[in-house]
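Chain naming here is simple, since letters A, B, ... match the order of the sequence lines and numbering starts at 1 in each.
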2 protein chains.
Amino acid sequence: MGITDRKEREKLEMRRLIMDAAMDMFVKDGYEKTSIRNIADKIEYSPATIYLYYKDKDELLWGLQTEAFEKLANVFREGITAIEPIQQLRQMAKLYVEFGMGNPDLYDLMFIIRSPMNAEKNEEWKSGSSAFQFLMNIIQAAIDKLKYENVMIGALSCWSMVHGLVSLNVRGRCKVLEVPEDKVQDMLQIAVDQYIDNITR
Amino acid sequence: MGITDRKEREKLEMRRLIMDAAMDMFVKDGYEKTSIRNIADKIEYSPATIYLYYKDKDELLWGLQTEAFEKLANVFREGITAIEPIQQLRQMAKLYVEFGMGNPDLYDLMFIIRSPMNAEKNEEWKSGSSAFQFLMNIIQAAIDKLKYENVMIGALSCWSMVHGLVSLNVRGRCKVLEVPEDKVQDMLQIAVDQYIDNITR
DNA sequence: CAAACTTACTGAACGGTGTTCATAATTTAA
DNA sequence: TTAAATTATGAACACCGTTCAGTAAGTTTG
């Protein structure tokens, strides 16, 4: 039955149409402007139609999040060129911070916003998991040269450090430093480098 | 003129009434349930009345944030008993994490939510600043025993570490660890302790 | 004391949000 | 061609923050 196949295809195309419009708006106009109604407007469908393809907004955001993680994965794939694990860790940390500072809305979606973490609880946040696994692998490979005793706690610590720096910045808490914007950016990189210095034996 | 004084008093009382109701709801029911309309309901006034005492919701949240910082300051005042600066840092970090994990909604307000950071930009986030200053003082006092070269970068690093741990948790990103809830809590403390070990000479 | 003025408060509305559902339009099957 | 199934939507619901004309209360003045 070819019709069923076409229907299947059309369903996927519609989902793509919605996803792409949503991602566009998200990257260009940020989270706040990305409402179901606005997305519907953009693709010239009724808001109700979107609900035929996505259960609710959370599910849609969860889809966006997954794509955002693919973006970050690509950044890592292309940017981590070193062979030496410690160097890899350095590159990874730098790329992470750059990604976060350069795509604050996507970063929000991936690591800060509460919403999409509620959708499909049993999908286990697969996209995020694999990024974390990637970090764990690097730390595992470098464990002899690191002061960490436990790979998972090490990975968590690394991640927390860079996430802490990025998220405090993204959410405007670095005002307390009373230091100009670009100076803060430098401080972040210094802090990251210093951190890796401190955890290497 | 006694009347003007009374009016002044009544104005302050009304602001307190609103603040208290808002704080109550925030702590008890979280951010989402705390709407202007709900607060108005609780204090048995019209929503419009609240706007006679607070310019907008941001200003109200900013007030809540300030009070939350006072709470945290009290936690520090009572909980930091050590004399030795490194020990003080240890205590502070522990208290910070406990506070964040124990009061996730307040933590949100103080360090994650975007809203109240827009209100009154020139007030310079005084409440947050003094908490950071407090951290800087401790690090300054311990600088000889720390691997930091710069007090501010050191303080930023410390803060980022604990904030990273807490905020990843509060926002449900620690699911990737695939480890039970209480185990994560332990890992946090280990990570914090380890971090302080790593930055001490 | 009554009238004029000032202040405090509110109901109703505006434009926005996510979401649902009966109904209409279209496509497929008989 | 007609009946059945799918797909799309308009209108509504219940929220949200916010504004503003109008009312009610308190204060000052004649």
Side-chain angles (χ1 to χ4, degrees), chain A residues 1-19 21-22 25-26 29-65 105 108-109 113-120, chain B residues 1-19 21-22 25-26 29-65 109 113-120:
Chain A
M1 196 67 97
I3 289 172
T4 335
D5 292 356
R6 175 172 57 79
K7 290 250 160 143
E8 195 66 26
R9 231 182 314 130
E10 282 174 353
K11 193 152 196 164
L12 285 176
E13 274 168 24
M14 189 64 174
R15 282 177 72 98
R16 258 268 64 80
L17 185 68
I18 296 168
M19 248 355 302
M25 300 187 65
F26 214 94
D29 310 321
Y31 175 76
E32 309 224 325
K33 301 268 176 193
T34 310
S35 70
I36 299 285
R37 280 175 156 88
N38 288 358
I39 297 168
D41 253 29
K42 184 159 187 167
I43 61 173
E44 296 176 299
Y45 277 85
S46 148
T49 304
I50 291 178
Y51 285 87
L52 300 178
Y53 297 89
Y54 292 94
K55 175 172 141 280
D56 55 20
K57 200 186 178 184
D58 270 12
E59 199 175 285
L60 213 167
L61 288 181
W62 189 86
L64 284 181
Q65 199 192 48
D105 287 300
D108 253 34
L109 192 61
I113 287 173
R114 234 191 261 278
S115 297
M117 301 307 294
N118 304 329
E120 289 278 342
Chain B
M1 195 69 96
I3 288 173
T4 334
D5 292 355
R6 174 173 59 78
K7 291 253 160 136
E8 194 67 26
R9 233 182 311 132
E10 282 174 352
K11 192 152 196 165
L12 286 176
E13 274 168 25
M14 191 64 173
R15 284 177 71 98
R16 259 268 64 80
L17 186 68
I18 296 168
M19 255 341 315
M25 299 187 65
F26 214 95
D29 310 320
Y31 175 74
E32 310 226 324
K33 301 267 176 194
T34 310
S35 70
I36 299 285
R37 281 174 153 91
N38 289 356
I39 296 168
D41 253 29
K42 184 160 187 168
I43 62 174
E44 295 176 300
Y45 277 85
S46 150
T49 304
I50 292 179
Y51 285 86
L52 300 176
Y53 297 89
Y54 292 94
K55 172 172 142 283
D56 54 21
K57 199 186 179 185
D58 270 12
E59 198 176 286
L60 213 167
L61 287 182
W62 190 84
L64 283 181
Q65 199 193 47
L109 193 62
I113 288 173
R114 243 199 205 103
S115 297
M117 300 307 294
N118 304 329
E120 289 278 343

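When rounded to the nearest whole Å, the span between CD of B/Glu32 and P of C/dT17 equals 17 Å. Residue B/Arg9 contributes atom CZ, which lies 18 Å from atom P of C/dT7 at whole-angstrom precision. For B/Glu10 and C/dT6, the CD to P distance is 19 Å, given to the nearest whole Å. Here the C1' atom of nucleotide D/dA8 and the CD1 atom of A/Ile18 are 12 Å apart, to the nearest Å. Rounded to whole Å, the distance from CZ on B/Arg15 to C1' on C/dA8 is 16 Å. What separates CG of B/Leu52 from C1' of C/dT6 is a distance of 14 Å, to the nearest Å. As a whole-Å value, the separation of B/Lys33 NZ from D/dC15 P is 10 Å. Rounding to whole angstrom units, CG of residue A/Asp41 and P of C/dG16 are separated by 11 Å.
Taking CG of B/Leu64 as the reference point, atom CG of B/Leu109 lies at 6.0 Å (rounded to 0.5 Å).
Heavy-atom minimum distance, B/Pro47 versus B/Ile36: O-CG2, 4.0 Å. Here the shortest heavy-atom pairing between B/Ala40 and B/Ile50 reads N-CD1, 3.7 Å.
The local environment of CD in B/Glu10 is crowded, with over 12 non-hydrogen atoms from other residues, nucleotides or ligands closer than 6.0 Å.
The only option from B/Leu17, B/Leu52, B/Ile39 that meets the side chain to side chain contact (heavy atoms under 4.5 Å, CB included) definition with B/Tyr45 turns out to be B/Leu17.
Here the side chain of B/Ser35 is nearest to one of D/dG17, D/dT7, D/dG10, namely D/dG17.
For the pair B/Lys11 and B/Tyr54, the cation-pi criterion (under 6.0 Å, within 45° of the ring axis) is not fulfilled.
Between A/Glu44 and B/Thr34, the one whose closest nucleotide on DNA chain D sits nearer the 5' end is A/Glu44.
Looking at residues two or more places apart in sequence or on another chain, you find a side chain to side chain contact (heavy atoms under 4.5 Å, CB included) between B/Lys33 and B/Asp29.
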Atom pairs under 3.5 Å: protein N/O with N/O of nucleotides 18-23 of chain D:
from	atom 1	to	atom 2	distance (Å)
D/dT18	OP2	B/Tyr51	OH	2.6
D/dT18	OP2	B/Lys57	N	2.8
D/dT18	O5'	B/Tyr51	OH	3.2

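The phosphate of D/dT9 has OP1 or OP2 within less than 4.0 Å of a side-chain N or O from A/Thr49. Listed pair A/Asn38 / C/dG16 fails the phosphate criterion, with no side-chain N or O lying under 4.0 Å from OP1 or OP2.
Here A/Tyr53 lies in heavy-atom contact (under 4.0 Å) with sugar-phosphate atoms only.
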